[in-house]
Amino acid sequence: MNVFVTGGAGYIGSVCVEELLDAGHAVTVFDNLSEGHRSAVDGRATFVQGDFADRTLIHETLGRVRPEAVIHFAASALVGESMTNPSKYFRNNVASGVNLLDATVAAGVRKFVFSSTCATYGPPDRVPMDESLPQRPINPYGESKLMFEKVLGWYREIHGLQFVAFRYFNAAGAGRQFGEHHRVETHLIPNVLAVALGKKPHCEIFGTDYPTPDGTCIRDYIHIADLAQAHMLALDPSKSGFFNLGNGEGFSVRQVIDVCERVSGRKIPTIERPRRAGDPPRLVASAQKAFSELGWKPRFPKLEDIVSTAWNWHTRHPDGYPD
Ligand code: UDP
């Protein structure tokens, strides 16, 4: 298929682009490089630098490329930042996203695959979390993704645009070539591994008084190559709807640090900090729907294996990408 990928220079997008190309698809990457890296774009893809805040540019580009599917990764995606700068989240994730959707419809595209998030649920009444849970986000990041999910529902009803929306749990690990490099790193695993690499003296634990067995937040970590695989399955025209993507197992911040110590063989000093605003205590997926309806099966379900791929990438790229 001819596939248009927004955010294809970013962490999850770069790995998905590589997998799409390996599977024989033609790929155009559209990215403003605000978070992404030019050198994270697979050399076999066509690259367009741009921002879909620019309505004319995205209409022209999609009208020229005429893809069969759009996979939309590009977004602002930090819970903590969204609690101090909500405007950025509603502008980038909702307002600009609507420009992309309008251009998608105008270009006659049949299928739209959207990166949503478990943050759309807010703190769940029960875990593991399936898709039937009420969505009550507690931060602007989750709210902005939920708003876009709703827009998608209306575009399907009114314009007939078919979509798959994936609610990711915590993306982690690295692909064969591409890994995680945020210019300002806020995520747990890369921050912990930076300590193991000797780049930072200690890692921070945000909140030790949550109602969890060791007092730290619990998350469900999912390998990015497994996320990428789900996007390939979503291209099937018969697939549509909302799907959780996670491994169904939760790990606390302290447990993640322990695994990072084991995998790296290095001692990782920690400092306890207050809670980070907007963090729910426990998010663990049920991905049964993706298993049964998409035939999705994670290849790297074990946290040790996920962290090993990340450690491998970070030891080979201690300073991340050059650009
Ligand atoms: N966290 C932490 N120290 C860090 C980074 C994150 O204790 O340096 C915690 C964070 O508060 C959350 C969990 O680790 O409870 C996962 O955070 P991350 O930012 O990786 O992903 P999120 O769940 O926010 O998408």
Side-chain angles (χ1 to χ4, degrees), residues 10-12 35 73 75-86 88-89 93 115-124 127-129 137-146 166-174 179-197 199-224 227 244-247 249-261 264 268-285 303 306-307 310-311 314:
Y11 172 41
I12 306 172
E35 293 291 340
F73 291 104
S76 300
L78 301 177
V79 168
E81 183 188 53
S82 80
M83 293 295 283
T84 55
N85 187 2
K88 178 174 174 183
Y89 284 73
N93 297 354
S115 302
S116 188
T117 169
C118 62
T120 59
Y121 293 111
V127 292
M129 300 156 65
I138 59 164
N139 51 64
Y141 167 56
E143 188 77 63
S144 69
K145 289 284 186 173
L146 177 56
F166 286 124
R167 296 179 186 145
Y168 303 160
F169 283 63
N170 285 60
E180 184 165 16
H181 173 194
H182 298 106
R183 292 189 181 86
V184 177
E185 189 53 81
T186 64
H187 294 99
L188 180 62
I189 292 176
N191 273 334
V192 175
L193 293 180
V195 181
L197 274 174
K199 295 174 69 76
K200 286 168 52 175
H202 51 72
C203 71
E204 298 173 308
I205 300 178
F206 297 135
T208 52
D209 60 348
Y210 284 100
T212 59
D214 69 16
T216 66
C217 280
I218 292 177
R219 294 287 181 273
D220 181 334
Y221 295 87
I222 171 83
H223 197 278
I224 44 167
L227 290 182
N244 289 345
L245 295 180
N247 277 312
E249 205 180 346
F251 293 89
S252 72
V253 172
R254 288 194 202 280
Q255 286 175 315
V256 170
I257 295 169
D258 287 347
V259 170
C260 290
E261 284 196 331
S264 67
I268 298 170
T270 59
I271 290 188
E272 296 183 4
R273 299 278 190 219
R275 292 182 179 196
R276 192 175 71 178
D279 276 344
R282 183 194 295 256
L283 297 170
V284 180
L303 185 60
I306 295 173
V307 170
W311 176 242
H314 286 292

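Read the numbers this way: they start at 1 and go in the same order the structure lists the ligands and their atoms.
N247 contributes no side-chain N or O that, together with a main-chain N or O of E249, makes up a donor-acceptor pair within less than 3.5 Å. H202 contributes no side-chain N or O that, together with a main-chain N or O of I268, makes up a donor-acceptor pair within less than 3.5 Å. Side-chain atoms of N244 come within 3.5 Å of backbone atoms of M129 as a donor-acceptor pair (strictly under, hydrogens ignored). The backbone N or O of M83 lies less than 3.5 Å from no partner atom in the side chain of N139, so there is not a single donor-acceptor pair.
Classification of the H182-Y11 ring pair by plane angle, with boundaries at 30° and 60°, yields perpendicular. Taking the six-membered ring for Trp and thresholds of 30 and 60 degrees, Y141 and Y89 have ring planes more than 60 degrees apart, a perpendicular arrangement.
For L188, heavy-atom contacts with ligand 1 shorter than 4.0 Å involve the backbone as well as the side chain.
Within ligand 1, the atoms closer than 4.0 Å to a non-hydrogen atom of D279 are 10 (C), 11 (O), 12 (C), 15 (O), numbered from 1 in the order shown. Of all atoms in ligand 1, numbered sequentially from 1 with element shown, those under 4.0 Å from a heavy atom of I205 are 7 (O). Atom numbering of ligand 1 starts at 1 in the shown order; those under 4.0 Å from a heavy atom of E204 are 2 (C), 3 (N), 4 (C), 7 (O), 8 (O). Against a heavy-atom cut-off of under 4.0 Å, T186 is close to the following atoms of ligand 1: 5 (C), 6 (C), 19 (O).
Between L78 and H187 there is a side-chain heavy-atom pair separated by less than 4.5 Å.
The shortest contact between atom 7 (O) of ligand 1 and any protein heavy atom is with F206 N, 2.9 Å. Looking only at heavy atoms of the protein, atom 22 (P) of ligand 1 is closest to N170 ND2, 3.5 Å.
Counting heavy atoms only, R276 comes closest to atom 17 (O) of ligand 1 of the residues R276, R219, R275.
Backbone and side-chain nitrogen or oxygen atoms of C217 are examined, and none is located within less than 3.5 angstrom of a nitrogen or oxygen of ligand 1. For ligand 1, none of its N or O atoms has an N or O atom of H187 under 3.5 Å away. Residue-to-ligand polar distances keep V253 apart from ligand 1: every N/O pair is separated by 3.5 Å or more.
No cation-pi contact links R282 to Y210, judged by a cut-off of 6.0 Å to the six-membered ring centre and 45° from its axis.
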